[in-house]
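Step one of this worksheet: look at the structure below.
None of these values were measured; they are calculated from a predicted model.
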Amino acid sequence: MKILLAGEASYLHNTLKKGLTERGHRVTLMSDGNGWHDSPRDIDLRRDMSLGRRGGLRVLSALLRNLPALTGNDVVQIHNYQYVPLGMRWNELMTSFLKRHNRCLVKGCYGDDPQVIEMQLRGTPAYSDCFWQGRQQNLDSTDNLARIAEQRLPECVSCWRKASEAADALVPCLYEYYLCYADGPYRPKLRYIGLPMELPSSGVRVKGTGGTLRVLVGVQPDRDYLKGAMRIARLLERLSAERPGRLKIVYARNVPYTEYCRMLAEADVLVDQLYSYTPSMNALAAMARGTVVIGGGEEDYYSFIGERRLRPIINVSPDLSDDDNTAALRRALFTEGGVERLSRQSIDFVRKYHDYRKVAEQYERMYEEILGN
C-alpha cells in the first residue's frame, strides 16, 4: 500500500512508519517535527513563527511542492484534526483535499480535541486532569483554562467535526480516548489500536535487584497541572524519610532528550502521571527498558484489552487520598521482590501489546478492511 502519515505526536507516526515499511508498504511522513521533539519527517512543514505570515506561506509552498505525495495514496492518516501548522480553515481545506484525492482517510485520536475535553469535563473517564472525586477540578489554573477554551473555539470545533465526519475510521491510541468517543455517533468508526513502541536493542534489564531504588521524576513546571508528577514526588519524599537509604529520588529538569533516555534506562522506577488513566508513550518507553512506572493502570483498562495476569504499573489516582496513594506506593516499593516482579511484567507487557511490529500489523488489517469495504 501507498500510505501518507500526516502530523506527529510523540514519535507515534515515526514508529508506526518503521513497522509499516518493514511490512513492505511505501510510507511518507509529513509533519512539522512535533515541536521540541524535532522528529524525522519526509515532508518538512516546520513553521518559523518569527516570520509571521511569511512562515505560513513557506508551509503552503512546501505543501504545493509535494502535491504528488499528497494524492493517489491508498491510505492517508492524520494524527488529529489540526495536522499542518496553519489556521483551522486551512486544515479543513486540507482534509477535504486529502479525502477527495486518496482512497481512504483515517483520523487518529492522539490527544486533546473538543470531544475529549468535553467528555473529560463530564467525568469520562472516571478521572482526568480536569475531573476527579466526582467533580470538575484544576480549573483555577490559567494554563488549563486556556487549553480548554482553545478546544471550545468555534473554528476548532468545526475543524474537528469535519475531520471526524470525513474519516473512514477513528483510531484512539489510549483507552481514555476510546471512552470519550464510545458513546455517540462516532462509535461505528472506532478502532482502538495501542501505541507502537520500539523495544531497545540494549539497555533492557530487570530492575529492583539492588538495595537502593533509583526513582526518576521528570519535572515540567509549566505542565505539572496536567501531569501531577510533583504531587507523587512529595509522597515519595515522605516514604524516603520513613526508610532512609531505600529510595534515591532523582529529578530531571529540562534535560536533553538523549540524556533523559539515559536516565530512564538507569532508573528502577519512573514517576509518570497522577491524572493518567493508562500508560502513554513516556510510560511505555520506560516499561520497555524494564523501568517500573508509577502512573495510570486502572483495572477496567486491563479488562478492556483482555489482560488477566500482567499488572505492571503502580497505579495511583487523584480519586484517592494522599494517604491511600502513599500506602499503595509503600506496598509496591517496599515488598520484598515487588519491584523486580513489576519490572519483568513491564517488559512482557510492552512486548505483548505495544511492539511496533504487532501494532503496524493491526493498522495494516484495519486499512485492508476499510479499502475492502
Side-chain angles (χ1 to χ4, degrees), residues 1-31 42 69-81 83 94-95 98-111 113 115-116 160-198 278-281 284 301 303-307 349-373:
M1 282 183 276
K2 184 183 177 188
I3 300 168
L4 172 67
L5 303 177
E8 182 58 286
S10 300
Y11 277 80
L12 193 162
H13 271 171
N14 265 274
T15 312
L16 178 59
K17 177 187 174 182
K18 180 178 174 64
L20 291 170
T21 301
E22 289 178 6
R23 296 188 65 79
H25 303 291
R26 291 179 294 153
V27 186
T28 301
L29 201 165
M30 175 178 76
S31 84
D42 304 302
L70 308 185
T71 61
N73 294 283
D74 297 296
V75 179
V76 173
Q77 180 165 301
I78 59 178
H79 89 287
N80 208 330
Y81 65 96
Y83 49 95
M94 193 69 196
T95 297
L98 294 174
K99 176 71 172 178
R100 187 177 301 115
H101 295 285
N102 298 278
R103 291 184 65 193
C104 77
L105 178 70
V106 174
K107 176 184 166 294
C109 306
Y110 298 159
D113 65 33
Q115 177 77 4
V116 168
W160 162 78
R161 181 174 290 115
K162 289 184 179 180
S164 299
E165 291 172 352
D168 297 289
L170 302 172
V171 186
C173 63
L174 297 178
Y175 174 55
E176 44 264 61
Y177 296 157
Y178 176 89
L179 291 176
C180 289
Y181 276 85
D183 291 330
Y186 298 112
R187 187 181 182 98
K189 293 185 178 184
L190 278 187
R191 306 286 194 278
Y192 169 80
I193 301 179
L195 293 160
M197 180 60 55
E198 186 173 1
T278 65
S280 58
M281 286 295 261
L284 293 170
Y301 160 62
S303 177
F304 175 73
I305 62 175
E307 179 52 53
F349 187 87
V350 175
R351 285 176 176 163
K352 185 174 181 179
Y353 293 104
H354 296 281
D355 185 312
Y356 75 98
R357 291 161 294 194
K358 294 181 180 179
V359 172
E361 185 177 1
Q362 289 177 273
Y363 272 96
E364 179 187 68
R365 287 200 301 268
M366 178 187 66
Y367 298 154
E368 289 172 347
E369 178 187 341
I370 295 170
L371 292 169
N373 291 335

Legend entry - Under the side-chain hydrogen bond (donor to acceptor under 3.5 Å, both in side chains) test, residues paired with S164 that sit two or more places apart: W160
Legend entry - Residue list, ring-ring contact (aromatic ring centres under 6.0 Å, His included) with Y353, at least two apart or on another chain: F349
Legend entry - Closest non-hydrogen atom pair, A360 against G19: CB-C, 3.5 Å
Inset, instruction - Take the angle between the ring planes of Y110 and H79 and call it parallel below 30°, perpendicular above 60°, tilted in between. - result: tilted
Legend entry - Which residues share a salt bridge (Lys or Arg N to Asp or Glu O under 4.0 Å) with R357, sequence neighbours left out: D355
Inset, instruction - State the CD1-OH distance between I78 and Y83, to the nearest 0.5 angstrom. - result: 5.0 Å
Inset, instruction - Go through the structure and list residues passing salt bridge (Lys or Arg N to Asp or Glu O under 4.0 Å) with K18, not counting sequence neighbours. - result: E22, E198
Legend entry - Sequence-distant partners of S31, side-chain hydrogen bond (donor to acceptor under 3.5 Å, both in side chains), two or more places apart: none
Inset, instruction - Please lay out, stage by stage, how Y363 and V171 fare under the test side chain to side chain contact (heavy atoms under 4.5 Å, CB included). - result: CA-CA 9 Å; Y363 272 96; V171 186; 3.6 Å; yes
Inset, instruction - State which residues pass ring-ring contact (aromatic ring centres under 6.0 Å, His included) with Y178; sequence neighbours excluded, sorted by chain then number. - result: F304
Legend entry - Partners passing ring-ring contact (aromatic ring centres under 6.0 Å, His included) against Y177 (at least two apart in sequence or in another chain): none
Legend entry - Straight-line distance of H101 NE2 to L70 CG, nearest 0.5 Å: 10.0 Å
Legend entry - Between CG on residue L16 and CD1 on residue I193, distance to nearest 0.5 Å: 8.5 Å
Legend entry - Shortest non-hydrogen separation from P279 to Y301 and the atoms involved: CD-CE2, 3.7 Å
Inset, instruction - List in chain and number order the residues that pass side-chain hydrogen bond (donor to acceptor under 3.5 Å, both in side chains) with Y175, two or more places apart in sequence or in another chain; answer none if no residue qualifies. - result: none
Legend entry - Atom pair CD1 (I3) and CD (Q77), whose distance is rounded to the nearest 0.5 Å: 8.5 Å
Legend entry - salt bridge (Lys or Arg N to Asp or Glu O under 4.0 Å) partners of residues 160-173, not counting sequence neighbours, each pair once: E92-K162, K99-D168
Inset, instruction - Looking only at non-hydrogen atoms, find the nearest pair between P196 and M281 and report the distance. - result: O-CE, 3.6 Å
Inset, instruction - May I ask you to test the T95-K107 pair for a side-chain heavy-atom distance under 4.5 Å? - result: no
Legend entry - Sequence neighbours excluded - salt bridge (Lys or Arg N to Asp or Glu O under 4.0 Å) pairs with any residue from residues 5-17: K17-D42
Inset, instruction - Show the numbers, then the answer: is there a side chain to side chain contact (heavy atoms under 4.5 Å, CB included) between M366 and V106? - result: CA-CA 10 Å; M366 178 187 66; V106 174; 4.0 Å; yes
Legend entry - Separation of T71 OG1 from K2 NZ (nearest 0.5 Å): 6.0 Å
Legend entry - Minimum heavy-atom distance between G7 and L29, given as atom pair plus value: O-CD2, 4.3 Å
Legend entry - Distance (rounded to the nearest 0.5 Å) between N14 CG and L5 CG: 9.0 Å
Inset, instruction - Could you tell me whether the side chain of Y367 reaches within less than 4.5 Å of the side chain of D74, counting heavy atoms only? - result: no
Inset, instruction - Apply side-chain hydrogen bond (donor to acceptor under 3.5 Å, both in side chains) to K352 and list each qualifying residue two or more places apart in sequence or on a separate chain. - result: E307
Legend entry - Heavy-atom closest contact (C104 atom, L371 atom, distance): SG-CD2, 4.0 Å
Legend entry - Residue pairs involving residues 361-373 (criterion salt bridge (Lys or Arg N to Asp or Glu O under 4.0 Å); sequence neighbours excluded): R23-E364, R191-E369, E361-R365
Legend entry - Flag side-chain contact, heavy atom, 4.5 Å: L98 against L4: yes
